[in-house]
Undergrad: 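Got a structure here, written out as structure tokens. Questions coming.
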Amino acid sequence: MKQIWIYIFINIAVIFLSIGVYWQQPALDYNKCPQCDGVEYHKVYSYFSGEVEDYKVLFSFNSRVFVPWCLSFWAEEDLQKGFWYFNLFFTLLAVNALIYLWIALEIPLYLQIIGIAWMLLHWIGIIRYNQYDWITIDVPLYFFQTLLLIFILKKWYVWLVPLAILATLQKESFIPLLGLFCVWQLYQYYRNQSLISLWAGFALVMAIGTKTWVEYSFPALNGEGKSSIITILFFVRETLQNPLDIVRLGIAFFTGYGILACLALSNLKGKHFYYSPFMILLLLYTILFIAFGVLAGRDMTRIVFLGYPFVMTLILALLKHNISRLRLALAILLSVPLLRLLSHIPSASEVHPEVWQSWYPEFAEMGIVSAWGLYIWVAFWIVNKGYAPLEDIFKRNGWIGEQ
């Protein structure tokens, strides 16, 4: 009963936090940011709401029709408020789905609270960033990806089919997620002769078919000769020409997941890592989203954080084994500066763009990136090595027991 009240409190906190951020965080003015993704999503919404007759949307935004189509039925005069209601609904779904998943994985309650709080409070997270960049289609992705993990964990494979259709209409990145799961299943069959679900393969076929249909029905304005594979190859070339982007990607990852990720790395080896098939799949999904950071765009921090259901679930699953409370407390304390709790996200339409760029490791000057890299390295050393003297002091004074 106590835990039920805690979960009710979490849902109430989501609502009040969303209201507070709605009134406090200045929203992006898309009229001053013509290159922002929200400009294209607004065109999709305008088509489905009947404001325009021609579908003139750039690749690859043209195929992401789920959110604008849903919102077109609301007939909301204040579009920003309409997006807020829609995103709050899917935020609540994502939070409760994650709680269900983490309970099934026997993640302790205190780690569940840490995981939910991080997603809600982080500046690039599900509430703050999507209130700033408010014409967005990203919020349902947290829910759909969590459902994917739940269906895999519970072996409810038949539900992957409708999920594949909806999630692909929302964003095409769901196709490689299903593809990776199918490859993972084939490997499990090859290694352990475990059963393969044909529903997973059928879901992948339906996802590809959905993507093909939506591309045909809503063709891109500049879609001639473009595809997801060509986009990936383009960013591969960009990365090879700018190898320091790999450094920026690493800093972006730890900016998104904090020193908790540093602490989890210490358990990602040897006997401390529980090599269950599901944990291996979580690790593969985490690697995939890190790769997306350089292969799916250049806003690395946002892209990597979109893999939150996979990455944070892996982190929490690692933290529940052989991690002292003192080290966890240090990791949380050292992670707080990365949340930027007392600052508003600066507008991308600022007269001085360097203010906005300084928040993002992928765009900031290398001096800023190096400073954050040094901070993360020192924090990594503290939570994995330097905590020992402090722990000894706590033990001698009886403040903590023997681990």
Side-chain angles (χ1 to χ4, degrees), residues 3-22 41 45 64-74 76 80-105 107 109 111-122 124-131 133-154 156 158-171 173-174 177-178 203 207 210 282 285 289 302 305-313 316:
Q3 290 191 4
I4 291 175
W5 280 109
I6 290 174
Y7 294 135
I8 292 174
F9 174 79
I10 289 173
N11 281 270
I12 295 173
V14 170
I15 295 172
F16 278 95
L17 181 62
S18 297
I19 294 172
V21 173
Y22 178 81
Y41 297 138
Y45 168 81
R64 301 167 186 175
V65 298
F66 175 77
V67 173
W69 177 75
C70 289
L71 279 165
S72 68
F73 290 98
W74 289 33
E76 180 68 51
Q80 184 177 351
K81 187 175 292 185
F83 267 95
W84 180 80
Y85 283 125
F86 186 87
N87 289 340
L88 174 59
F89 174 71
F90 272 96
T91 298
L92 288 168
L93 288 179
V95 165
N96 287 280
L98 280 170
I99 289 173
Y100 180 87
L101 172 66
W102 293 344
I103 291 174
L105 290 172
I107 303 295
L109 178 60
L111 287 179
Q112 294 178 40
I113 294 173
I114 291 171
I116 295 299
W118 188 265
M119 181 176 69
L120 299 178
L121 296 176
H122 200 291
I124 202 73
I126 195 170
I127 290 181
R128 292 176 64 192
Y129 187 81
N130 293 298
Q131 173 53 38
D133 192 358
W134 57 277
I135 303 183
T136 177
I137 55 90
D138 286 339
V139 176
L141 195 63
Y142 293 87
F143 175 59
F144 290 149
Q145 290 177 165
T146 305
L147 283 185
L148 173 64
L149 289 178
I150 291 173
F151 294 162
I152 292 173
L153 181 66
K154 296 292 187 178
W156 297 340
V158 65
W159 291 103
L160 291 175
V161 178
L163 177 63
I165 296 172
L166 288 178
T168 303
L169 289 173
Q170 187 256 333
K171 203 168 189 179
S173 62
F174 205 78
L177 297 179
L178 285 172
T210 300
L282 284 176
Y285 276 138
F289 262 91
R302 181 188 66 85
F305 201 89
L306 287 178
Y308 194 90
F310 308 117
V311 182
M312 186 54 72
T313 300
L316 297 183

Undergrad: Side-chain contact, heavy-atom cut-off 4.5 Å: Asn96 with Tyr100?
TA: no

Undergrad: Could you check if a side-chain atom of Thr313 sits within less than 4.5 angstrom of a side-chain atom of Thr146, using non-hydrogen atoms only?
TA: no

Undergrad: Any idea how Phe73 and Trp69 line up, ring-wise: parallel (<30°), tilted (30 to 60°), or perpendicular (>60°)?
TA: perpendicular

Undergrad: Treating Gln145 as the side-chain partner and Leu306 as the backbone partner, does any N or O pair qualify as donor plus acceptor under 3.5 Å?
TA: yes

Undergrad: Taking atom OH of Tyr129 and atom CD1 of Ile124, what is their separation to the nearest 0.5 Å?
TA: 5.0 Å

Undergrad: Nearest 0.5 Å, please: how far is CG in Leu147 from CH2 in Trp156?
TA: 10.0 Å

Undergrad: Considering non-hydrogen atoms only, spot the tightest contact between Leu153 and Ala104 and give its length.
TA: CD2-CB, 3.7 Å

Undergrad: Excluding sequence neighbours, so at least two apart, what forms salt bridge (charged side-chain N to carboxylate O under 4.0 Å, His left out) with Arg64?
TA: Glu172

Undergrad: Would you say the side chain of Val95 lies within less than 4.5 Å of the side chain of Leu120, judging by non-hydrogen atoms?
TA: yes

Undergrad: How long is the span from the CG atom in Leu71 to the CD1 atom in Ile137, to the nearest 0.5 Å?
TA: 11.5 Å

Undergrad: Once salt bridge (charged side-chain N to carboxylate O under 4.0 Å, His left out) is applied, do any residues pair with Asp138, and if so which ones, sequence neighbours excluded?
TA: Lys171, Arg302

Undergrad: Is the distance from the ring center of Phe305 to that of Tyr308 below 6.0 Å?
TA: yes

Undergrad: Could you check if a side-chain atom of Ile135 sits within less than 4.5 angstrom of a side-chain atom of Phe83, using non-hydrogen atoms only?
TA: yes

Undergrad: Looking only at side-chain N and O atoms, does Tyr7 offer a donor or acceptor that is under 3.5 Å from a partner on Gln112?
TA: yes

Undergrad: Can you tell me how far the OH atom of Tyr285 sits from the CD1 atom of Ile152, to the nearest 0.5 Å?
TA: 4.0 Å

Undergrad: Are the side chains of Phe310 and Leu148 in touch, meaning some heavy atoms are under 4.5 Å apart?
TA: yes

Undergrad: Do Leu98 and Met119 pass the side-chain contact (heavy atoms from CB on, under 4.5 Å) test, and can you show the C-alpha distance, the side-chain angles, and the key distance before you say yes or no?
TA: CA-CA 11 Å; Leu98 280 170; Met119 181 176 69; 3.8 Å; yes

Undergrad: Looking at every non-hydrogen atom in both residues, tell me the closest pair between Tyr142 and Gly125 and how far apart they are.
TA: OH-C, 4.2 Å

Undergrad: To the closest 0.5 Å, what do you measure between CZ (Phe143) and OG1 (Thr91)?
TA: 11.5 Å

Undergrad: Under the side chain to side chain contact (heavy atoms under 4.5 Å, CB included) test, which residues partner Leu166, sequence neighbours left out?
TA: Phe66, Phe144

Undergrad: Out of Phe89, Tyr22, Phe90, which one pairs with Trp84 under the ring-ring contact (aromatic ring centres under 6.0 Å, His included) rule?
TA: Tyr22

Undergrad: Write down the atom of Asn87, the atom of Trp134, and the distance for their closest heavy-atom approach.
TA: ND2-O, 4.3 Å

Undergrad: I need the Thr168 OG1 to Leu163 CG distance, nearest 0.5 Å.
TA: 8.0 Å

Undergrad: Got Leu141 and Ser173 here, is their nearest side-chain heavy-atom distance under 4.5 Å?
TA: yes

Undergrad: Report yes if the side chains of Leu316 and Trp102 come closer than 4.5 Å at any heavy-atom pair, otherwise no.
TA: yes

Undergrad: side-chain contact (heavy atoms from CB on, under 4.5 Å) between Phe174 and Leu169: does it pass, once the steps are laid out?
TA: CA-CA 9 Å; Phe174 205 78; Leu169 289 173; over 6 Å; no

Undergrad: Using every non-hydrogen atom in the two residues, find where Leu178 and Ala164 come nearest and quote the distance to one decimal.
TA: CD1-CB, 3.5 Å

Undergrad: Might you point out which heavy atoms bring Leu88 and Ser18 nearest each other, and give the distance in Å?
TA: CD1-OG, 3.5 Å

Undergrad: Minimum heavy-atom separation for Pro309 to Leu149, with atom names?
TA: O-CD1, 3.6 Å

